[in-house]
Amino acid sequence: MAVGARDFIDKLLVEKYAQEKVDNHDADGLQSRVSADDIMSAMNCSANNFKTMMALNKRLTMVCYGVVAKSAKYVQTEAA
C-alpha cells in the first residue's frame, strides 16, 4: 500500500511542505486543554437530550395519530 499524493493539488502541497520543519513537541502541546471528564459529561448531556427529544417525538406522533383517527368521519356504505 503506497502512501503519497494522488492528485495534482496533493502533489503541489507535498512539494511545498516537503522541507518544512515543525518543532511543537513541548510539554504544553501534548496535554489537552479540556479534561476528558468534561468532554464525556458534555457528550452524555447531548445524548440524554437526544433521547428525550426522540421519546417526545414518538409520543407526539402517537397523539397526532389519535387526533386524526378521532376526527375522521366514517361513512357506512351499502353492502353489496
S.K.: Remaining members of V68's ILVMFWY cluster at a side-chain heavy-atom cut-off under 4.5 Å?
M.R.: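 Members alongside V68: none; it stands by itself.
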
S.K.: Going by the rule side-chain hydrogen bond (donor to acceptor under 3.5 Å, both in side chains), which residues pair with S71 if we only count those two or more places apart in sequence or in a different chain?
M.R.: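 So S71 forms no side-chain hydrogen bond (donor to acceptor under 3.5 Å, both in side chains) with any residue.
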
S.K.: List, one per line, each side-chain donor-acceptor pair under 3.5 Å for residues 49-58, sequence neighbours excluded.
M.R.:
| from | atom 1 | to | atom 2 | distance (Å) |
| --- | --- | --- | --- | --- |
| N49 | ND2 | C45 | O | 3.4 |
| T52 | OG1 | N48 | O | 2.9 |

S.K.: Under a single-linkage rule joining Ile, Leu, Val, Met, Phe, Trp and Tyr whose side-chain heavy atoms are separated by less than 4.5 Å, which residues share a cluster with Y65?
M.R.: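 Taking Ile, Leu, Val, Met, Phe, Trp and Tyr as members, Y65 shares its hydrophobic cluster with M62.
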
S.K.: Who clusters with I9? Use side-chain heavy atoms, under 4.5 angstrom, across I, L, V, M, F, W and Y, and order the result by chain and number.
M.R.: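 Direct or chained contacts put I9 with L13, Y17.
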
S.K.: Report the hydrophobic cluster partners of V75, with the cluster defined as I, L, V, M, F, W, Y residues connected by side-chain heavy atoms closer than 4.5 angstrom, directly or transitively.
M.R.: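 Via sub-4.5 Å side-chain contacts, V75 links to none.
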
